[in-house]
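Reading through the structure tokens given below for one structure.
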Amino acid sequence: MSKKYLITSALPYVNGLPHLGHLVGCLLPADVYARFCREQGRDTLCICGTDEHGTPSEVGAAKENMPVEEYCKKYHDLHAQMYQGFNLSFDYFGRTSSDQNKEITYRIFHALDKNGLIEEKMTKQVYSPADGRYLPDSYVIGTCPYCGYEKAKGDQCENCTKVLDPTDLINPKSALSGSSDIQIKETKHLFLNLPKLEAELNTWIETKKGIWPDIAYSVAKKWLKEGLQERGITRDLKWGFSVPKEGFEGKVFYVWFDAPIGYIGITKQWSDEKPNERNWEDWWLNPENVIHTEFMGKDNIPFHSITFPATLRGTGEKWTEVSFLKGMNWLNFAGGKFSKSAKRGIFLDDALKEFPADYWRYWLMANAPESDDTSFTFETFAATINKDLNDVLGNFINRVTKMTVKDFGLQVPALGEITDTEKELYATLDTLIKQYTDYMENLEIRKALATLREIWVSGNNYIAKTEPWKAVKTDKARAATILNTGLNLVRLFGILSAPIMPEKAKEMVKIFGKEDVFVWPKKSAQELLQELKEGDSFTAPEVLFQKITPERKEELKLKYKEGE
RNA sequence: CGCGGGGUAGAGCAGUCCGGUAGCUUGCCAGGCUCAUAACCUGGAGGUCGCGUGGUUCAAAUCCCGCCCCCGCAACCA
């Protein structure tokens, strides 16, 4: 039985709109890899959705004066719409608040409870009568007892970075209402006993050394080294799955308990749509036959490498675990963080208004923050789009098709004698395509994109060497051979670019009126460059890419306040 | 305090695991070509690889020690 490829992107929190950072860290690479896998002919399932429970949703809904269910639906739909705009090819974009997720969450919870991994503890929680709710730690602000910073949050002081409890703060206030009437209440909560699973997790994580990216392995190891602690999985909120246990009425599961379970719940949403042909258990209770690749920003690594695997293992059932965890660093905006509240950075709706999705997709993958944080600037964005997409790729397509139309019309000219120059091209492409495929397979995204670019360059190189504009005057058959090869290159470049730039790739292939379902090339370059035959007709393509002018670049910098 | 990541030509990165005269892209300079989106192709200049004129070694960007700087870090900021 051939393996199944399960691909998940970290679930973006429903509250507010996503920006380029969300896209680059998990959503986009998951899509690129899913496309790659599908083109390889693999049984692929790519799952994503919105993470909906928790205080920020409740607060956001109150602010917009709507019921929290409605609020979440509204933003869920907005997320879905934007991701569609970026051509993210999730097989299902679901919700952690779905009935299916509730069912799976309960199932896992009961199993953990049965295995003695769930414990009750009394905890002190901050209650604000003015807000009529318990406050999460970071919603309490006050003066830091260590450095005197007046706007320290109850979980950590941003000024001195000390980790705090809300009760440490001097003059604590609610960040919501500003009320200083803060009460500490004793309330009972459930905890997952992570220490019991620590040794087992450690053994498992060590098998990932040298396989997972450094950042993923070392963050997981760091947590284990410091020793796991029991982790609260319930909260005093209304918006969430109610806790199915006596004595816990009125409490819900903590968002971080049901959010990763959401991958499974969402898969069940997908399979419930066509229960006769789909079965979520084939994907999630089938560890021997499923390769599960997860994509996420570095903040999410602990949950996916420690907490969630522990949750699944604790059930005693054979759940599919993460095989490869692709953790990404941050994408910053002009040196600082993207920020919703400060309106810093580029949000997805704006991005799509400025440029086609494929421009963003290409830049983000070519500059993916794999080994270190990376900054987005319009300077590098414009330079990359102009050089790589316009000068190298776009101009190649343009020169080859224009020349052919002028000298041979709208038909693929005949392939004549194959010379050493063609053979050299075949050899170069064989090497580069192999390299490109390997990098995609191993999720070395920047290197993959650099190789893709090299592939495009090899086309220009070939044209420069063979000089068809001269050949057409002296040896028309030779010119025909060169342009035949050139047109085949255009089509091949389209196929190879498809996971990264699906729209533009489609346009590149479409001019030959052939398939628009992409199949990853497995033949030799020589065969690949003979798929378009003499006499096949094609249509002259529109100019595929537009340059970003210096004026436009400056406008964008001003508009998005780059450098402020 | 501690922990993790990073510090390599003007800019952005690879190379570090498995030591052997420092590589890629962009930018700059020169040449070629003129089919094409003033583009393409070729060549060149440019780096004491954060610091210690530290240790190991015939040989260190790569291993060891000490230090400095940047980014991130306890769970509802991706």
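In the text below, chain A, chain B and the rest are named by the order of the sequence lines, each starting its count at 1. Hydrogens, waters and symmetry mates are skipped; everything else that's a heavy atom, side chains included, is used.
Listed nucleotides: B:C33, B:G4, B:C35. Nearest to the side chain of A:E467: B:C33. In this structure, the nucleotide among B:C76, B:C35, B:A78 sitting nearest to the side chain of A:R399 is B:C35. Distances from the side chain of A:R235 to the nucleotides B:U37, B:C76, B:C33 place B:C76 closest. Of all nucleotides listed (B:U37, B:C35, B:A78), B:U37 comes nearest to the side chain of A:N390.
For the C1' atom pair drawn from B:U57 and B:G72, the interatomic distance equals 36 Å after rounding to whole Å. Of the C1' atoms belonging to B:G20 and B:G27, the separation is 32 Å, rounded to the nearest Å. Taking the C1' atoms as reference points, B:C71 lies 22 Å from B:G10, given to the whole Å. On the C1' atoms, B:A78 is 14 Å away from B:C73, given to the nearest whole Å. Comparing B:U16 with B:G5, their C1' atoms sit 15 Å apart, to the nearest whole Å. Between B:C35 and B:A45, the two P atoms lie 32 Å apart (nearest whole Å). Look at the C1' atom in both B:C69 and B:G50: the space between them is 7 Å, to the nearest Å. The C1' atoms of B:C58 and B:C41 are separated by 43 Å, rounded to the nearest whole Å.
As judged by a 4.0 angstrom heavy-atom cut-off over every strand, A:K470 is placed among residues touching the sugar-phosphate backbone only. Nucleic acid contact for A:F303: base, since at least one base atom lies under 4.0 Å from a heavy atom of the residue. Nucleic acid contact for A:D391: sugar-phosphate only, since backbone atoms but no base atoms lie under 4.0 Å from a heavy atom of the residue. Here A:P18 lies out of heavy-atom contact (under 4.0 Å) with every strand. Contact annotation for A:G394: base contact, defined as any heavy-atom pair under 4.0 Å involving a base atom. Contact annotation for A:N395: base contact, defined as any heavy-atom pair under 4.0 Å involving a base atom. The residue A:I397 sits apart from the nucleic acid: no heavy atom pair falls under 4.0 Å.
In this structure, CD1 of A:I463 is placed 15 Å from P of B:U37, rounded to the nearest angstrom. Separating the CD1 atom of A:I548 from the C1' atom of B:U37 is a distance of 14 Å, rounded to the nearest angstrom. Taking atom CG on A:N398 and atom C1' on B:U37, their separation rounds to 6 Å, with Å as the unit. We find that CG of A:N460 is positioned 8 Å from C1' of B:C41, with the value rounded to whole Å. Atom CG of A:D299 is separated from atom P of B:C76 by 10 Å (rounded to the nearest Å). If you measure from atom CG of A:L17 to atom C1' of B:A78, you get 14 Å, rounded to the nearest angstrom. Separating the CG atom of A:L331 from the P atom of B:G5 is a distance of 21 Å, rounded to the nearest angstrom. Rounded to an integer number of Å, the gap from A:N329 CG to B:C71 C1' is 9 Å.
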Filtered N/O pairs between nucleotides 26-31 of chain B and protein, under 3.5 Å:
unit_1, atom_1, unit_2, atom_2, d
B:U26, OP1, A:R453, NH2, 3.0

Under 3.5 Å, which protein N or O atoms sit close to an N or O of nucleotides 42-45 of chain B? Give each pair with its distance.
unit_1, atom_1, unit_2, atom_2, d
B:U42, OP1, A:N461, ND2, 3.2

Between protein and nucleotides 10-14 of chain B, what N or O pairs are separated by less than 3.5 Å?
unit_1, atom_1, unit_2, atom_2, d
B:A14, OP1, A:S371, OG, 2.7

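Shown here, B:U16 forms no base pair; nothing in the strands shown gives a Watson-Crick or G-U wobble contact with both key distances under 3.5 Å. When both pairing distances are held under 3.5 Å, B:U42 makes a Watson-Crick or G-U pair with B:A30. Across the strands present, B:U53 finds no partner; the criterion is a Watson-Crick or G-U wobble pair with both atom distances under 3.5 angstrom. Of all nucleotides present, only B:C3 satisfies the Watson-Crick or G-U wobble test against B:G72, with each distance under 3.5 Å.
For A:T8, the side-chain hydrogen bond (donor to acceptor under 3.5 Å, both in side chains) criterion is met by A:H292, not counting sequence neighbours. In terms of the side-chain hydrogen bond (donor to acceptor under 3.5 Å, both in side chains) criterion, A:Q229 has no residue partners (sequence neighbours excluded). Qualifying side-chain hydrogen bond (donor to acceptor under 3.5 Å, both in side chains) partners for A:K221, counting only residues two or more places apart in sequence or in other chains: A:N202, A:E206. Applying the salt bridge (charged side-chain N to carboxylate O under 4.0 Å, His left out) criterion to A:D391, with sequence neighbours excluded, gives A:K547. Under the side-chain hydrogen bond (donor to acceptor under 3.5 Å, both in side chains) criterion, A:T481 pairs with no residue at all, not counting sequence neighbours. Take A:F241 and apply the ring-ring contact (aromatic ring centres under 6.0 Å, His included) test, not counting sequence neighbours, and it matches A:H53. A:Y139 meets the ring-ring contact (aromatic ring centres under 6.0 Å, His included) test with no other residue; sequence neighbours excluded. Take A:E454 and apply the salt bridge (charged side-chain N to carboxylate O under 4.0 Å, His left out) test, not counting sequence neighbours, and it matches no residue.
The phosphate of B:C76 has OP1 or OP2 within less than 4.0 Å of a side-chain N or O from A:W256. Side-chain N/O atoms of A:K402 include one lying less than 4.0 angstrom from OP1 or OP2 on B:U37.
A ring-ring contact (aromatic ring centres under 6.0 Å, His included) with A:F381 is found for one member of A:F333, A:W360, A:Y359 and no other, namely A:W360.
Looking at which nucleotide of RNA chain B each of A:Y254 and A:L544 is closest to, the 5′-most match is held by A:L544. For A:F545 and A:T55, each mapped to the nucleotide of RNA chain B holding its nearest heavy atom, the one lying further toward the 5' end belongs to A:F545.
Taking the six-membered ring where the residue is Trp, A:F376 and A:W363 present perpendicular rings, their angle passing 60° and hence far from 30°. Aromatic ring pairs are classed by plane angle as parallel below 30°, tilted from 30° to 60° and perpendicular above 60°; the pair A:Y560 and A:F378 is tilted.
Proximity of the aromatic rings of A:H79 and A:Y83 is defined here by a centroid distance below 6.0 angstrom, and this criterion is met. Checked against the 6.0 Å centroid threshold, A:Y362 and A:W456 count as a close aromatic pair.
A:R453 and A:S458 share no donor-acceptor pair across their side chains, judged by distance under 3.5 Å alone.
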In residues 297-305 of chain A, what donor-acceptor pairs under 3.5 Å come from side-chain atoms, sequence neighbours left out?
unit_1, atom_1, unit_2, atom_2, d
A:K298, NZ, A:N329, OD1, 3.4
A:K298, NZ, A:D373, OD1, 3.0
A:H304, ND1, A:N300, O, 2.9
A:H304, NE2, A:Y263, OH, 2.7
A:S305, OG, A:I301, O, 2.8

